[in-house]
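One structure is given here, and the rest of the page talks about it.
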There are 2 protein chains.
Amino acid sequence: MVTIKEVAKKAGVSVATVSRVINKNGYVKESTFEKVQHAIQELNYRPSAIAVSLNNKKTKTIGLILPDITNPFFPELAKAVEEVANSNGYTMILCNSSGTLKNEIEQIEMLQSKYVDGIILASDSYVEEDYKHVNLPMVLLDRGANPRNSSIRVNNYYGGVLATEHLLEQGCTKIAHLAGPKDVFTAQQRLEGYQSVVEDMEWFDKKLVAYANYQLEDAITATKELLNQNIGIDGIFAGNDLMAIGCLKAIHSFGLSVPEDIAVIGFDGISLTNMIIPELSTIKQPIYEMGKEATNQIIKEIEGNETESRDIEFDVTLIQRESTNRKRRPGCEDGAKSKDNGNR
Amino acid sequence: MVTIKEVAKKAGVSVATVSRVINKNGYVKESTFEKVQHAIQELNYRPSAIAVSLNNKKTKTIGLILPDITNPFFPELAKAVEEVANSNGYTMILCNSSGTLKNEIEQIEMLQSKYVDGIILASDSYVEEDYKHVNLPMVLLDRGANPRNSSIRVNNYYGGVLATEHLLEQGCTKIAHLAGPKDVFTAQQRLEGYQSVVEDMEWFDKKLVAYANYQLEDAITATKELLNQNIGIDGIFAGNDLMAIGCLKAIHSFGLSVPEDIAVIGFDGISLTNMIIPELSTIKQPIYEMGKEATNQIIKEIEGNETESRDIEFDVTLIQRESTNRKRRPGCEDGAKSKDNGNR
DNA sequence: CCTTAACATGTAACCGGTACCATATTACCT
DNA sequence: AGGTAATATGGTACCGGTTACATGTTAAGG
């Protein structure tokens with residue numbers, strides 16, 4: 001790699017002058033400026049980001065910690081973060097925590113020693129206590145904000161209400177909920193939304209709530225158990241889209257059809273939902289927007305324009321598709337713009 | 001951040017001694033060692049990766065450039081890279097090139113100025129010429145190797161043969177191919193595999209080959225055009241899984257069923273294939289293995305154990321599922337282990 | 001007991017930039 | 001012309017580590 005010294009030599013000036021040219025600060029005579037620029041071109045010189053970082057303690061890098069990159073929710077988020085970061089001159093280091101606290105802590109340590117400027121953390125296991133020693137800007141996803149950290153999330157409770165009410169409107173008379181893990185914040189909120197709608201219905205029964213770990217396989221098992229009870233379930237609100245797809249598969253294996261026998265709605269709005277047959281109704285989170293906002297916020301905090309932590313809540317929207325369309329209007333409305341751009 | 005100087009002061013030794021303790025090299029008296037370790041603990045000191053990098057010109061970082069992280073193929077790959085990298089003490093910077101040469105070049109420049117130790121590049125647009133000035137280890141995905149760069153890929157040609165023959169075995173009598181972009185290496189190879197099997201069949205016709213851009217929407221359109229020809233297609237080999245899903249949707253919209261009317265097989269083996277109904281037969285690439293091997297290779301090259309470039313080809317395997325099961329044996333075999341672990 | 005090698009630790013140059021300070025030159029004003 | 005301000009450039013300490021070299025101490029061997 002060619003260094004600033006070689007450029008200085010070639011241009012016949014000092015390193016200080018070269019530095020001034022690069023950063024366009026301080027006084028530099030027009031003719032000198034060009035001489036230096038020319039040398040830079042000639043040698044194909046690029047300043048070492050490492051050396052720069054050592055001085056100003058900024059690396060123009062942000063860390064993104066996700067529980068699982070293979071869950072379709074997160075690539076959409078990661079894409080937003082990467083794009084916004086890039087367009088602001090930052091790069092993104094991606095870490096996969098597998099959802100365990102131990103990995104998260106380790107990765108945060110590592111990111112700190114690499115001097116990232118800030119961290120965006122999507123954590124299931126977050127407890128404020130565990131992150132006390134983190135002393136750089138950190139934005140949380142799907143968590144309530146605390147005095148130290150900003151937070152980006154949606155109104156999961158309201159989403160739960162919306163989903164459940166939608167099933168009622170579609171004529172469902174006994175609605176089950178396939179909830180996410182009991183210790184996960186978003187899962188709790190969605191469950192509460194469901195409960196608030198159904199708890200006073202005469203048909204409501206605790207046996208209508210099942211739990212799974214937000215994953216597909218687990219959801220299939222749990223749904224089969226729900227249906228084996230034979231209590232006349234004709235609608236299922238799944239805690240996320242992946243589990244909703246599990247529901248579809250379980251229902252299919254019972255020889256029942258969706259939405260005729262059982263209507264199904266998911267939560268998240270991942271692009272998978274309009275790839276499958278039948279297309280899946282869902283409560284859509286503005287995933288890209290959330291990633292974008294998280295990145296903007298962390299950059300604000302890094303660059304010091306913003307000191308106090310913010311709590312940003314996005315709206316969820318109901319996307320009705322085939323899987324809950326029991327009213328058989330031909331050509332159901334589809335609020336989702338198809339935004340697939342898989343390339344391979 | 002606490003520096004080595006503060007540790008030295010606290011332990012009552014010089015920075016050199018602290019450095020020796022950290023790196024466990026050189027002579028350090030047992031008692032001194034412990035004194036220093038204690039000070040490190042006390043101050044919760046971590047060496048600055050930046051400063052270390054400035055010395056040894058190694059950042060323990062590798063860059064991964066992908067055309068599109070929201071395409072399900074790539075998160076699986078990224079996960080492998082991240083895990084293997086991490087377990088070798090490396091971190092991964094992720095870049096989304098959107099498949100354009102311009103972005104790729106820009107991102108490589110950026111990665112170089114950040115002094116990444118190596119790059120793994122999954123590129124559709126790669127032309128050796130464009131990367132002449134890249135002077136750090138780089139491993140290519142889905143490209144033939146060249147003298148400068150190692151390559152990881154599968155035998156796409158053979159996969160095309162396998163898929164096509166499988167459809168024949170299932171009793172298909174007129175097989176179409178929905179190919180990927182004409183200028184993409186993998187797409188060409190898969191098409192050639194298909195052609196080698198069918199070109200001598202009496203029913204073969206150029207009109208059986210359609211092109212789409214490896215994406216879902218485009219595949220739906222293309223499939224509809226194929227079917228509108230009304231030439232009795234009863235089997236489709238799609239160039240990748242995403243397009244196969246597009247086929248499914250298009251076929252469904254014609255009121256036809258899979259596999260009874262038309263059998264469909266994809267290519268890639270993304271986990272999506274066993275989430276949908278009907279489950280999709282596919283030519284599976286060992287995605288995780290490929291990411292793992294790419295990472296191992298780049299690390300070898302970085303650490304200088306390996307200088308010559310290697311061309312590593314993986315085998316593809318046929319996974320038969322419902323979408324091609326025309327022989328109606330109840331309970332088709334499923335070679336794919338379900339490895340979903342979406343968490344959300 | 002003296003010599004020599006192994007052990008132990010400190011000093012300082014260096015990695016590649018940035019930025020403060022010093023010095024030199026030019027421009028402008030009275 | 002003389003003084004001051006603005007312009008132009010160079011020298012160098014510093015960021016936080018690593019490491020070659022110097023120096024001092026201890027152990028071993030004859």
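The sequence lines fix the lettering, A, B, ..., with proteins before strands; numbering per chain opens at 1. Worth knowing before you read on, the calculation uses all heavy atoms, side chains too, and leaves out hydrogens, waters and symmetry mates.
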Between the protein and nucleotides 14-16 of chain D, list the N/O to N/O atom pairs that are separated by less than 3.5 angstrom.
from, atom 1, to, atom 2, distance (Å)
D/dC15, O3', A/K57, NZ, 2.9
D/dC15, O2, A/N55, OD1, 3.4
D/dG16, OP1, A/K57, NZ, 2.6

In whole Å, what is the span from the [atom1] atom of [X] to the [atom2] atom of [N]?
{"X": "B/F33", "N": "C/dC7", "atom1": "CZ", "atom2": "P", "value": "16 Å"}
{"X": "B/I40", "N": "D/dG17", "atom1": "CD1", "atom2": "P", "value": "10 Å"}
{"X": "A/K9", "N": "C/dG16", "atom1": "NZ", "atom2": "P", "value": "14 Å"}
{"X": "B/K58", "N": "D/dT18", "atom1": "NZ", "atom2": "P", "value": "16 Å"}

Any side-chain heavy-atom pair from [X] and [Y] closer than 4.5 angstrom?
{"X": "A/L94", "Y": "B/E82", "result": "no"}
{"X": "B/K102", "Y": "B/E106", "result": "yes"}
{"X": "A/I119", "Y": "A/L136", "result": "yes"}
{"X": "A/Y90", "Y": "A/I298", "result": "no"}

note = For B/T91, the side-chain hydrogen bond (donor to acceptor under 3.5 Å, both in side chains) test, sequence neighbours excluded, returns A/K114

ask   = Is it the case that A/Q112 and B/R46 place a side-chain donor and acceptor less than 3.5 Å from each other?
value = no

query = What's the shortest heavy-atom distance between A/A39 and A/K10, and which atoms?
reply = CB-CG, 3.9 Å

Close residues, residues 10-32 of chain B, relative to DNA chain C [heavy-atom separation under 4.0 Å] = B/G12, B/V13, B/S14, B/A16, B/T17, B/R20, B/Y27, B/V28, B/K29, B/T32

query = Near B/K292 NZ, under 6.0 Å, is it more than 12 heavy atoms from other residues, nucleotides or ligands?
reply = no

